[in-house]
Amino acid sequence: MQAFDWIVVGNGLAGAALSYELVRQGFSVLLLDRALEPHNATRYSYGGIPYWAGTSELTRQLCQEGIECHRLLSAELEADTELRDLDLLLTIPVGADVAAIAAPYTKFAIPPRLVTPEGACQIEPQIDPGAIAGALTVRHGHVNPQALVDAYNRAFTRLGGMLMIAPVTGLVRIKDRVTGVLTSEQAFASQHVAIAAGEYSRLLLREAGITVPLYYSHAELIETPPVDFQVRSLVMPAKTQRFEMEAKASAPETNNLWDEPGHELTSPILDSGVIQFRDGSLRIGQISRTLTDLKPPVELGQSEEAIRQAITEKMPILKSISGSWRSCFVTFCRDGLPLVGPVPNIKGVHLFTGFSAPFALLPPIAKRFAHWATGEPDTVIEQIQPNRFKETTVV
């Protein structure tokens with residue numbers, strides 16, 4: 001049986017960044033994923049880096065470290081991650097209380113400034129000024145998500161890491177220790193396993209007798225081919241519903257329901273937004289649902305129509321644009337911080353998942369985790385470990 005220092009399960013941004021940083025520290029690392037190009041949250045994300053959005057000493061530090069990492073990554077990884085700074089435009093609907101919506105943004109490290117509808121149109125000419133009461137705006141980082149993962153993967157393999165496409169079917173557990181993973185073809189041994197498998201993380205751990213407070217929403221969006229007009233900004237609503245939805249769905253009393261299929265824990269929400277990538281393609285989103293099924297039934301036509309209607313109310317140019325409906329799962333944790341570090345009371349298994357702002361937080365946390373794995377103390381890693389929740393249990 002082939003053995004490694006670390007096995008990382010999942011090749012989204014979390015697994016790609018972590019495996020690269022671990023191999024940089026001299027560990028032998030196997031990175032596993034179920035597909036060469038998995039349809040995961042990284043693949044269908046906007047790619048935004050909200051480095052302005054820290055609200056605590058910890059998140060402000062990590063957001064600053066995050067943008068500093070991104071500014072070096074293209075050179076370090078020897079590949080273009082398509083990093084750029086652009087304007088984030090947070091739209092406020094007509095009839096809304098502008099002051100009330102703007103007030104919570106004063107707590108951020110770099111508070112967005114309030115602009116009139118006309119000011120918003122100067123920033124983003126595709127906005128219909130009659131459709132909004134104003135907007136908040138701030139500079140915002142952006143990368144191409146798949147280009148970033150590909151860059152991490154190529155650098156990882158250049159340094160001697162092994163990337164293998166093989167669905168992980170289970171963890172190898174001997175009493176109070178995880179000693180490797182099982183795939184559909186073979187078993188792999190390791191000193192440590194890091195679970196970065198998105199929505200499958202909870203299921204994979206539960207089947208090994210480990211319960212963690214990790215949750216996921218089902219996100220739906222539209223992806224278009226390149227278009228012949230320009231959207232300059234990342235456009236999103238100033239009052240998003242996603243974080244309120246996540247708080248309700250992850251309340252302690254819902255924890256057991258997540259292990260039962262067939263539940264919808266909150267009503268669906270629609271946070272209407274759009275981003276254009278360097279090649280001219282667009283991602284338009286998004287509907288989020290808290291469904292406990294990993295293969296949930298969805299009314300595709302109704303979802304697509306709702307997304308289109310919401311975005312064209314403020315950006316009419318998008319009304320007749322062709323595109324394809326896409327979906328993925330987005331993991332989250334109750335307190336907005338990721339689950340990173342060892343699972344209590346069992347050796348050899350670690351979590352590296354649940355990032356609510358992955359493009360800002362993941363690069364610096366992956367770097368810190370890899371140093372911590374060598375035995376170097378890290379107060380940041382200590383603050384985001386799974387042992388902060390009583391729902392993390394092992395049987």
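From a predicted model like this one, the values you see are computed outputs, not experimental measurements. The figures that follow rest on heavy atoms only: side chains count, while hydrogens, waters and symmetry mates do not.
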**Report entry** Distance, nearest 0.5 Å, that separates CG of Leu318 from CD of Gln309
**Finding:** 13.5 Å

Requested in this report: Compare every heavy atom of Asp271 with every heavy atom of Gln241, then report the nearest pair and how far apart it is.
Outcome: N-OD1, 3.0 Å

**Report entry** Side-chain heavy-atom pair Leu58, Ile384 within 4.5 angstrom cut-off
**Finding:** yes

Report task. Could you please spell out the steps behind the side chain to side chain donor-acceptor pair (under 3.5 Å) verdict for Asn11 and Asn153? Result -> CA-CA 9 Å; Asn11 189 30; Asn153 286 166; 3.0 Å; yes

**Report entry** 4.5 Å side-chain heavy-atom contact, Val168 and Leu182
**Finding:** no

Query raised in the report: Atom CD in Glu376, atom CZ in Arg368: separation rounded to 0.5 Å?
Result: 9.0 Å

Query raised in the report: Quick check: does any side chain N or O of Ser327 sit under 3.5 Å from a backbone N or O of Ala219, one acting as donor and the other as acceptor?
Result: no

Query - Stepwise ring pair (Phe, Tyr, Trp, His ring centres under 6.0 Å) test for Tyr216 and Phe332 - result: CA-CA 6 Å; Tyr216 48 84; Phe332 60 92; 8.1 Å; no

Query raised in the report: Going from CG on Asp128 to CD1 on Ile317, what distance comes out if it is rounded to the nearest 0.5 angstrom?
Result: 12.0 Å

Report task. Would you check if there is a donor-acceptor pair between the side chains of Thr266 and Thr290 at a distance under 3.5 Å? Result -> yes

Report task. Flag the pair Val340 / Gln385 as yes when at least one side-chain heavy-atom distance between them is below 4.5 Å, and no otherwise. Result -> no

Query raised in the report: Do the side-chain N and O atoms of Ser303 and Arg289 include a donor-acceptor pair separated by under 3.5 angstrom?
Result: yes

Query raised in the report: Are Arg113 and Phe108 in a cation-pi contact, defined as NZ or CZ under 6.0 Å from the six-membered ring centre and within 45° of the axis?
Result: no

Query raised in the report: Step by step, would you call Phe369 with Trp6 a ring pair (Phe, Tyr, Trp, His ring centres under 6.0 Å)?
Result: CA-CA 12 Å; Phe369 184 97; Trp6 282 86; 5.6 Å; yes

Report task. Identify whether the distance between the nearest side-chain nitrogen and carboxylate oxygen of Arg232 and Asp87 falls below 4.0 Å. Result -> no

Query raised in the report: For Phe277 and His142, what are the C-alpha separation, side-chain angles and deciding distance, and is it a ring pair (Phe, Tyr, Trp, His ring centres under 6.0 Å)?
Result: CA-CA 9 Å; Phe277 290 87; His142 185 258; 5.2 Å; yes

Query raised in the report: Minimum heavy-atom separation for Leu339 to Pro213, with atom names?
Result: CD1-O, 3.9 Å

Query raised in the report: Under 3.5 Å, side chain of Arg177 to main-chain N/O of Arg173, donor-acceptor pair present?
Result: no

Report task. State, yes or no, whether a side-chain contact exists between Val181 and Leu32 at a heavy-atom distance under 4.5 Å. Result -> yes

**Report entry** Heavy-atom pair with the smallest gap, counting every atom of Val212 and Arg202
**Finding:** O-NH1, 3.0 Å

Report task. Find out whether Leu282 and Ile275 are in side-chain contact, i.e. whether some heavy atom of one side chain is under 4.5 Å from a heavy atom of the other. Result -> no

Report task. Could you pull out the closest heavy-atom pair between Leu171 and Ala208, with the gap in Å? Result -> CD1-CB, 4.0 Å

Requested in this report: Determine, step by step, whether His263 and Trp258 satisfy the ring pair (Phe, Tyr, Trp, His ring centres under 6.0 Å) criterion, reporting the C-alpha distance in whole Å, the side-chain angles of both residues, the deciding distance to 0.1 Å, and the verdict.
Outcome: CA-CA 8 Å; His263 295 290; Trp258 282 96; 9.4 Å; no

Query - Trace of the side chain to side chain donor-acceptor pair (under 3.5 Å) decision for Glu199 with Thr331 - result: CA-CA 6 Å; Glu199 69 279 9; Thr331 58; over 6 Å; no

Query raised in the report: Tyr46 side chain to Gly273 main-chain N or O, any donor-acceptor pair under 3.5 Å?
Result: yes

Query raised in the report: Quick check: does any side chain N or O of Ser74 sit under 3.5 Å from a backbone N or O of Thr81, one acting as donor and the other as acceptor?
Result: yes

Report summary line: Scanning both residues in full, the closest heavy-atom pair of Tyr105 with Ile101 reads CD1-O, 3.5 Å

Report task. Ignoring hydrogens and angles, tell me if any N or O in the side chain of Thr312 forms a donor-acceptor pair with the backbone of Met315 under 3.5 Å. Result -> no

Requested in this report: Evaluate the side chain to side chain donor-acceptor pair (under 3.5 Å) criterion for residues Asp5 and Ser28: first the C-alpha distance (whole Å), next the side-chain angles of each, then the deciding distance (0.1 Å), finally the verdict.
Outcome: CA-CA 5 Å; Asp5 296 325; Ser28 61; 3.2 Å; yes

Requested in this report: Could you walk me through whether Thr91 and Lys314 pass side chain to side chain donor-acceptor pair (under 3.5 Å), step by step?
Outcome: CA-CA 9 Å; Thr91 57; Lys314 54 189 174 186; 3.0 Å; yes

Query raised in the report: Between atom CD1 of Ile269 and atom OG1 of Thr240, what is the distance when rounded to the nearest 0.5 Å?
Result: 7.5 Å

Query raised in the report: Distance from Asp33 atom CG to Asn40 atom CG, nearest 0.5 Å?
Result: 7.0 Å

Requested in this report: Anything under 30° is parallel, anything over 60° is perpendicular, the rest tilted; go ahead and classify His218 against Phe329.
Outcome: perpendicular

Query - Under 3.5 Å donor-acceptor, Glu223 side chain and Arg326 backbone - result: no

Query raised in the report: Does Glu21 come within less than 4.0 Å of Arg24, counting only side-chain N to carboxylate O?
Result: yes

Requested in this report: Using modelled atom types only, decide if a donor and an acceptor are shared between the side chain of Arg283 and the backbone of Ser45 within a distance under 3.5 Å.
Outcome: yes

**Report entry** Nearest non-hydrogen partners of Glu220 and Ile307, listed with the distance
**Finding:** O-CD1, 3.5 Å

Report task. May I ask you to decide if Gln126's main-chain N or O and Glu124's side chain share a donor-acceptor pair within less than 3.5 Å? Result -> yes

Requested in this report: Before accepting this row, confirm whether a basic side-chain N of the pair Arg278/Asp80 lies closer than 4.0 Å to the acidic partner's carboxylate O.
Outcome: yes

Query raised in the report: If you measure only the distance, is there a donor-acceptor pair under 3.5 Å linking the side chains of Asn256 and Glu260?
Result: no

**Report entry** Short side-chain donor-acceptor distance under 3.5 Å, Arg334 and Tyr215
**Finding:** yes

Query raised in the report: Just wondering, do Arg308 and Lys319 contact through their side chains at under 4.5 Å, heavy atoms?
Result: no

Query raised in the report: Is there a donor in the side chain of Glu57 and an acceptor in the side chain of Gln61, or the other way round, less than 3.5 Å apart?
Result: no

Query raised in the report: CG/Leu136 to CD1/Ile92 distance, rounded to the nearest 0.5 angstrom?
Result: 4.5 Å

Requested in this report: For the pair Glu65 (side chain) and Pro363 (backbone), establish whether a donor and an acceptor sit closer than 3.5 Å, ignoring hydrogens and angles.
Outcome: no

Requested in this report: Check whether any side-chain heavy atom of Val9 lies under 4.5 Å from a side-chain heavy atom of Val193, and answer yes or no.
Outcome: yes

Query raised in the report: Under 3.5 Å, is there a donor-acceptor pair between the side chain of Thr254 and the main chain of Leu257?
Result: no

Report task. Please tell me if the side chains of Pro338 and Ile365 come closer than 4.5 Å, counting only heavy atoms from C-beta onward. Result -> yes

